[in-house]
> 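Take a look at this one; I'll ask things after.
Convention: sequence-line order gives letters A, B, ...; per-chain numbering from 1. What you see below is based on every heavy atom in this structure, not just the backbone, and it leaves out hydrogens, waters and symmetry mates.
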Amino acid sequence: MDTFILESGLRIAGLMLSGLVVANFVAAKRWDYAGNLAGRQVIIRQVFFVHCAYIVAIITALAIQCLGWPGLLLEGGMARVVCAFFGLFWGSRVVVQLTYYDKEMRRRDRGWDVFFLGVFLTLALIFTLAAIYQ
Amino acid sequence: MKELLEFGLIIAGCSLAALSIASFWIPKALGWREKLAGLTPLMRELFLTYSFYVWSSHVLFTVLALGFGDWLIGGTNAAKAMNTFMLLWWSVRLYLQFFGFDLSEIKASRFNRIAKHLLTLLFIGLVVLFGGLLCWNLGWLQPGSLQ
């Protein structure tokens, strides 16, 4: 596959990932993470917010990489492993959404559910193709 | 110096593999089942999903350290970017180890104390290693230094 197409795909992925970073903050407010965790054990609150921050950090770093230096994700064995990892990362996120998340809540927000499934699926596709065809 | 960094990567990779395997005991050690029971289904699902993806990142770091040491030490821009990311990742984790987590709710058993000290040692080692790798890739450490 042409390098230009792969780089363009990774830049599009970068835009989607930037949107996901913003969406994480919106979700925290919409689903009231702080309120839901208030009164729970300290360790549960801390682990939740730390993991949440690390997920936002990894998505942010990947977004920066894809938008600024997509070529680095297309050079050498390590780049291939990283792309394959993120192909699996986003592919598994589709599976998690379909099989693990509460079906009633997904039904209530069907529009967003389908939208994010589409985003995760597209990201999985872009990174998998980047891993295979670089 | 290069040999030392290569050796450090092998030690780091094995330690991260041990951490990834030991992570399966964390829910039991911290009593997640009971503590998560009172949360709404959505918060429980988010909690476990985030935990899974953080764990999977540790698996990626393990694979990179054990299988792609040559690339991490190769001086390329990709190596600089990856080492910077992993340095930031473990530096934040080290900071949290000392100043972030309130572990007063964790049972003060001998096992937990040893585990905490081992984790602290691991995080310090990882910060030193990825800091060293970043310096090496930036050309701040020369071949033959420390000899």
Side-chain angles (χ1 to χ4, degrees), chain A residues 24 27-28 30-37 39-62 64-65 68-69 71-82 84-86 88-90 92-93 96-97 100-106 108-109, chain B residues 26-27 29-32 34-61 63-65 67-74 76-86 88-89 92-93 95-97 100-106:
Chain A
N24 266 281
R30 180 182 161 99
W31 287 318
D32 191 18
Y33 291 176
N36 271 304
L37 291 167
R40 304 288 161 200
Q41 288 88 347
V42 176
I43 193 73
I44 292 295
R45 278 205 309 272
Q46 289 174 336
V47 169
F48 182 89
F49 284 118
V50 166
H51 282 180
C52 194
Y54 268 101
I55 294 299
V56 170
I58 201 166
I59 299 174
T60 305
L62 188 61
I64 292 169
Q65 181 83 53
W69 301 273
L72 290 184
L73 287 168
L74 300 170
E75 302 171 348
M78 189 174 76
R80 174 163 284 177
V81 170
V82 171
F85 169 77
F86 282 108
L88 279 173
F89 186 102
W90 294 113
S92 66
R93 188 62 186 76
V96 166
Q97 181 109 349
Y100 179 57
Y101 274 23
D102 184 39
K103 288 187 171 49
E104 175 54 30
M105 195 202 71
R106 287 180 53 215
R108 276 203 308 271
D109 278 325
Chain B
I26 290 176
L30 299 184
W32 280 9
E34 305 79 46
K35 288 174 180 161
L36 292 178
L39 290 178
T40 61
L42 174 68
M43 294 304 288
R44 238 186 352 259
E45 287 158 6
L46 284 171
F47 187 99
L48 294 174
T49 304
Y50 286 151
S51 302
F52 170 74
Y53 282 101
V54 169
W55 174 81
S56 74
S57 303
H58 293 168
V59 173
L60 171 70
F61 297 161
V63 171
L64 292 180
F68 296 87
D70 287 348
W71 273 280
L72 285 173
I73 216 164
T76 61
N77 287 331
K80 288 172 198 162
M82 186 53 80
N83 284 312
T84 303
F85 181 69
M86 289 199 273
L88 285 172
W89 182 283
V92 171
R93 187 60 189 81
Y95 172 85
L96 290 171
Q97 185 76 356
F101 285 120
D102 176 1
L103 300 175
S104 56
E105 290 174 359
I106 309 298

> I'd like to verify something: which residue of A:Ser92, A:Ala27, A:Ala53, A:Gly39 has the highest number of heavy-atom pairs under 4.5 Å with chain B?
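Of the candidates given, the most pairs with chain B belong to A:Ser92.
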> Answer with side chain, backbone, both or neither: which region of A:Glu75 has an atom nearer than 4.5 Å to a non-hydrogen atom of chain B?
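For A:Glu75, neither part sits under 4.5 Å from chain B.
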> Less than 4.5 Å to any heavy atom of chain A: does that hold for the side chain of B:Val63, its backbone, both, or neither?
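Contact with chain A is through the side chain of B:Val63 alone.
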> Could you give the distance from CD (A:Gln97) to CD (B:Glu45), rounded to the nearest 0.5 Å?
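Those atoms lie 10.0 Å apart.
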> Rounded to the nearest 0.5 Å, how far does CG of B:Leu60 lie from CZ of A:Phe86?
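CG of B:Leu60 is found 6.5 Å from CZ of A:Phe86.
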> Does any backbone or side-chain atom of B:Phe85 lie under 4.5 Å from a heavy atom of chain A? Answer side chain, backbone, both or neither.
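B:Phe85 touches chain A through side-chain heavy atoms alone.
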> If the plane angle is over 60° it's perpendicular, under 30° parallel, otherwise tilted; pick one for B:Phe47 and A:His51.
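Ring orientation of B:Phe47 relative to A:His51: tilted.
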> Might you point out which heavy atoms bring A:Tyr54 and B:Trp89 nearest each other, and give the distance in Å?
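Distance-wise, the nearest heavy atoms are OH-O, 2.7 Å.
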> Do B:Leu48 and A:Tyr100 have side chains that get closer than 4.5 Å, going by heavy atoms?
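When only atoms from C-beta onward are counted, A:Tyr100 and B:Leu48 do touch, with a gap below 4.5 Å.
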> Is there a side-chain contact between B:Thr76 and A:Met78, using heavy atoms and a 4.5 Å cut-off?
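Counting from C-beta outward, B:Thr76 and A:Met78 never come under 4.5 Å.
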> Identify which part of B:Leu39 has an atom lying under 4.5 Å from any heavy atom of chain A, answering side chain, backbone, both or neither.
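Both parts, backbone and side chain.
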> Sort B:Ser57 into side chain, backbone, both or neither according to what part of it lies under 4.5 angstrom from a heavy atom of chain A.
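Both backbone and side chain.
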> Report which part of A:Asp32 has an atom under 4.5 Å of a heavy atom belonging to chain B: side chain, backbone, both, or neither.
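Neither part.
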> Quick one: what part of B:Arg44 sits under 4.5 Å from any heavy atom of chain A, side chain, backbone, both or neither?
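It is the backbone, since no side chain atom gets that close.
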> Please rank A:Tyr33, A:Phe85, A:Trp69, A:Trp31 by heavy-atom pairs under 4.5 Å with chain B and give me the top one.
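Top count of heavy-atom pairs under 4.5 Å with chain B: A:Phe85.
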> Using heavy-atom distances under 4.5 Å, tell me whether A:Val47 contacts chain B through its side chain, its backbone, both, or neither.
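For A:Val47, the contact with chain B is made by backbone and side chain together.
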> With a 4.5 Å heavy-atom cut-off, do A:Val96 and B:Tyr53 have their side chains touching?
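With C-beta onward as the side chain, the pair touches.
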> Is there side-chain contact between B:Phe101 and A:Val42, with heavy atoms separated by less than 4.5 Å?
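When only atoms from C-beta onward are counted, A:Val42 and B:Phe101 do not touch, as no gap falls below 4.5 Å.
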> Identify which part of B:Leu88 has an atom lying under 4.5 Å from any heavy atom of chain A, answering side chain, backbone, both or neither.
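For B:Leu88, neither part sits under 4.5 Å from chain A.
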